[in-house]
Amino acid sequence: MTTAVRVRFAPSPTGTLHIGNARTALFNWLYARSLGGKFILRIEDTDQVRSTPEATQAVLDSMRWLGIDWDEGPECGGPHAPYFQAQRLDLYRAQLENLAGQGLAYRCFCTDAELQERRKAVEDAGGTFLYDGRCRSLGEAEIKSKLGAGAAFSWRFRTEAKTLAWDDLVRGPISFDGALLGDFIIVRSDGFPTYNFAVVVDDGLMGITHVLRGEDHVSNTPRQLFLYQALGLPVPRFGHLSMILGENREKLSKRHGATGVMEFRENGYLPDALINHLALLGWAPEDGIEVIPREKLKKAFVSPHFHAAPAVFDYAKLDFLNGTAIRGLTPESAWEAFQPFLAKLDFIPAQIRSDRPRMEAMVELVRSHCHRLSDLGRELRVLFVDELTPPEEVRKEWLLTDGARALAKLASERLSALDAPTVAYGEIQQLQKDAKTLLNLGGKHFFKPLRVMLLGAEHGLELEKVLPFLTRAQVLRRLGRNLN
RNA sequence: GGCCCCUUCGUCUAAGGGUUAGGACACCAGGUUUUCAUCCUGGCAAUAGGGGUUCGAAUCCCCUAGGGGUCGCCA
């Protein structure tokens with residue numbers, strides 16, 4: 001019998017939720033969901049300077065939008081509350097005393113400036129700076145006098161020369177030489193724990209069994225192993241996920257496109273599509289089917305195999321997945337999903353906008369043409385704006401010809417003969433016959449010019465399906481622009 | 001620079017000693033649709049290089065090259 005899986009996502013609230021962190025959250029969540037474990041959200045706000053409540057809220061909002069729910073954490077609490085590190089200071093203090101009592105932690109009175117100076121000296125000489133252990137064995141008297149003088153101090157962990165090793169879930173066996181680590185700070189001079197200390201205390205106390213995190217944490221792991229051993233806390237299994245890169249194989253940044261989770265929402269992506277794509281970065285489904293619904297994903301990480309190489313974020317594939325997801329929506333949920341983007345369109349008259357059935361029908365009309373929800377405007381525009389501007393080469397080929405001019409004339413005459421508010425497709429079919437006999441225009445020489453006149457482009461929505469959404473007056477107006 | 005990790009089509013990946021090295025996206029071609037999108041079919045395209053081990057290496061070992069991570073009183 002193995003212990004139930006307990007995994008966590010532990011962001012620091014210093015900005016928006018980055019897509020790379022979202023991937024980490026997702027993998028942990030999927031791992032928990034697949035194995036019936038618990039997913040814990042913990043806020044690592046020990047950086048007094050950079051952490052903000054707004055950022056915490058932004059992280060929670062992003063998580064909720066993605067649909068990644070947590071079993072323990074902010075707003076829902078749990079057996080290991082609180083889930084904000086800034087509220088767990090007494091816990092760290094107790095563990096510090098534990099270490100100090102064992103002689104494994106000591107006060108360091110070296111100032112920032114002093115450390116920088118010594119670092120520079122070593123590096124200028126071509127070496128790699130490690131804390132030199134100056135405060136490692138200060139005498140009681142010396143410590144007392146410094147404390148008496150009100151000197152600031154941090155606490156350092158006393159490392160030793162031994163091998164720190166673990167079997168990484170992603171990378172297999174990894175080991176470090178403890179002698180190369182140097183005594184590192186576990187409690188800052190402001191009394192707050194550093195990341196390496198707090199994370200071990202919390203993961204240990206919260207009973208975390210697996211830690212899936214970014215590759216940038218590999219080099220922290222040996223330090224944390226030192227701490228786990230010294231504290232006698234159970235060591236979780238570690239798995240270090242590859243980084244996510246931009247197209248030029250550099251760290252994903254703004255210049256590659258959106259990087260914040262909420263930006264993807266604003267750009268018209270569905271959370272399910274984003275999740276689907278993120279899941280495919282460093283992981284692959286056993287059945288090879290890559291379009292994966294959320295519910296299936298939640299069962300798929302039973303014995304996941306992760307790819308250790310960095311992955312380039314593929315915006316094109318995301319678009320494909322998103323288009324597929326948009327087409328897979330029910331009409332009702334599609335209607336809901338498009339709302340924010342529909343609201344932004346300024347070319348829809350209020351009267352039509354309030355005609356719900358008509359609006360829903362229009363969304364259905366253009367849905368399969370959208371890769372992103374934000375493509376809605378581009379598609380719908382043609383139903384409302386009469387001043388269409390086809391590209392010059394299209395205009396030249398299909399509009400500026402004698403045949404097109406004659407067709408415009410004939411169409412205007414024929415389609416103004418009836419007064420029904422919209423043009424029926426039957427009228428177009430009749431027009432097609434007349435154009436063939438009178439003007440000898442058939443096939444694409446009939447449809448293409450007509451399409452460009454009415455819809456402003458060579459390609460696009462089906463004429464037959466668009467017609468019910470255009471008034472006869474609109475049709476005639478558009479034809480009229482080509483009469484001379 | 002030290003330490004650690006990584007390297008299969010353009011991109012995401014499968015294959016963990018024996019396969020014509022498979023799939024997906026993108027791209028190209030054909031079919032369906034009067035166009036486009038959708039959908040279907042087909043095509044292009046990869047084991048970084050060099051040594052070993054082995055009857056047999058994408059798979060194991062070594063070297064080289066390239067890439068990434070990290071070296072904070074940030075997380």
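Each chain gets a letter, A, B and so on, in the order its sequence line appears, and its residues count up from 1.
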Please check if the side chain of [X] supplies one atom and the backbone of [Y] the other of a donor-acceptor pair under 3.5 Å.
| X | Y | value |
| --- | --- | --- |
| A:Asp168 | A:His240 | yes |
| A:Gln95 | A:Tyr92 | no |
| A:Asn322 | A:His371 | yes |

At under 4.0 Å between heavy atoms, what does [X] touch on the DNA or RNA strands: base, sugar-phosphate, or nothing?
| X | value |
| --- | --- |
| A:Leu321 | nothing |
| A:Gly460 | base |
| A:Tyr425 | base |
| A:Gly282 | sugar-phosphate |
| A:Asn196 | nothing |
| A:Leu281 | sugar-phosphate |
| A:Arg327 | sugar-phosphate |
| A:Ser219 | sugar-phosphate |
| A:Ser175 | sugar-phosphate |

When you compare [N] with [M], how far apart are their [atom1] atoms, in angstrom units rounded to a whole number?
| N | M | atom1 | answer |
| --- | --- | --- | --- |
| B:G22 | B:C3 | C1' | 38 Å |
| B:G2 | B:C63 | P | 15 Å |
| B:C39 | B:A24 | P | 13 Å |
| B:A14 | B:A57 | P | 23 Å |
| B:G51 | B:G18 | P | 22 Å |
| B:U54 | B:G49 | P | 23 Å |
| B:G67 | B:A48 | C1' | 11 Å |
| B:U53 | B:A58 | P | 16 Å |

Heavy atoms from C-beta onward define the side chain here; which of [options] lies closest to that of [X]?
| X | options | value |
| --- | --- | --- |
| A:Thr194 | B:C4, B:G1, B:A75 | B:A75 |
| A:Ser368 | B:A37, B:U7, B:C73 | B:A37 |
| A:Arg171 | B:U70, B:G68, B:C6 | B:C6 |
| A:Lys251 | B:C6, B:A75, B:G69 | B:G69 |
| A:Asp47 | B:A75, B:C6, B:U35 | B:A75 |
| A:Leu180 | B:A14, B:U35, B:C3 | B:C3 |
| A:Tyr195 | B:G2, B:A75, B:C73 | B:A75 |
| A:Val312 | B:G68, B:C73, B:U11 | B:U11 |

**OP:** May I ask which nucleotide in the shown strands pairs with B:U20, Watson-Crick or G-U wobble, both distances under 3.5 Å?
**Re:**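 B:U20 is paired with nothing.
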Original post:
Is there a Watson-Crick or G-U wobble partner for B:C28 with both distances under 3.5 Å, and which nucleotide is it?
Top reply: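 Across any shown strand, B:C28 pairs with B:G42.
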Between atom [atom1] in [X] and atom [atom2] in [N], what is the gap in whole Å?
| X | N | atom1 | atom2 | answer |
| --- | --- | --- | --- | --- |
| A:His369 | B:C39 | NE2 | P | 12 Å |
| A:Asp168 | B:U70 | CG | P | 16 Å |
| A:His277 | B:U13 | NE2 | C1' | 11 Å |
| A:Ile174 | B:C4 | CD1 | C1' | 7 Å |
| A:Arg223 | B:U70 | CZ | C1' | 8 Å |
| A:Leu130 | B:U70 | CG | C1' | 13 Å |
| A:Ile186 | B:A75 | CD1 | P | 13 Å |

Residue-phosphate contact under 4.0 Å: [X] side-chain N/O, [N] OP1/OP2:
| X | N | answer |
| --- | --- | --- |
| A:His305 | B:A14 | yes |
| A:Ser242 | B:C6 | no |
| A:His307 | B:A14 | yes |

Original post:
If you round to the nearest 0.5 Å, how far is CH2 of A:Trp335 from CE of A:Met362?
Top reply: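 That separation rounds to 8.0 Å.
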Original post:
Of A:Met243 and A:Ile289, whose nearest nucleotide on RNA chain B comes first from the 5' end?
Top reply: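 The answer here is A:Ile289.
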Subject >> 5' priority, RNA chain B, between A:Phe129 and A:His459 [closest heavy atom] >> reply: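 Result of the comparison: A:His459.
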Original post:
Under the salt bridge (charged side-chain N to carboxylate O under 4.0 Å, His left out) test, which residues partner A:Arg327, sequence neighbours left out?
Top reply: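 For A:Arg327, no residue satisfies salt bridge (charged side-chain N to carboxylate O under 4.0 Å, His left out) once neighbours in sequence are set aside.
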Pick out the pairs of N or O atoms, protein on one side and nucleotides 60-67 of chain B on the other, that lie under 3.5 Å.
none

Original post:
So, A:Trp70 versus A:Tyr83, ring centres under 6.0 angstrom or not?
Top reply: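 No: the rings miss the under 6.0 Å criterion.
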Original post:
On the ring face of A:Phe27, is A:Arg23 found with NZ or CZ under 6.0 Å from the centre and within 45° of the axis?
Top reply: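 Yes, a cation-pi geometry.
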SB check [X] [Y] (cutoff 4.0 Å):
| X | Y | result |
| --- | --- | --- |
| A:Glu458 | A:Arg451 | no |
| A:Arg158 | A:Glu160 | no |
| A:Glu117 | A:Lys120 | no |

Original post:
Do A:Asn220 and A:Tyr195 get their side chains close enough for a donor-acceptor pair, meaning under 3.5 Å?
Top reply: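 No, because no side-chain N or O of A:Asn220 sits under 3.5 Å from a partner of the opposite role on A:Tyr195.
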**OP:** Give me the ring orientation class for A:Phe157 and A:Phe226: parallel if the planes are under 30° apart, tilted from 30 to 60°, perpendicular past 60°.
**Re:**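 Tilted, since the angle between the ring planes falls between 30° and 60°.
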Subject >> NZ (A:Lys296) with more than 12 external heavy atoms under 6.0 Å >> reply: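 Correct, the count exceeds 12.
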Using atom names, set out every protein N or O paired with an N or O of nucleotides 25-33 of chain B below 3.5 Å, distance rounded to 0.1 Å.
from  : atom 1 : to       : atom 2 : distance (Å)
B:C25 : O2'    : A:Lys317 : N      : 3.4

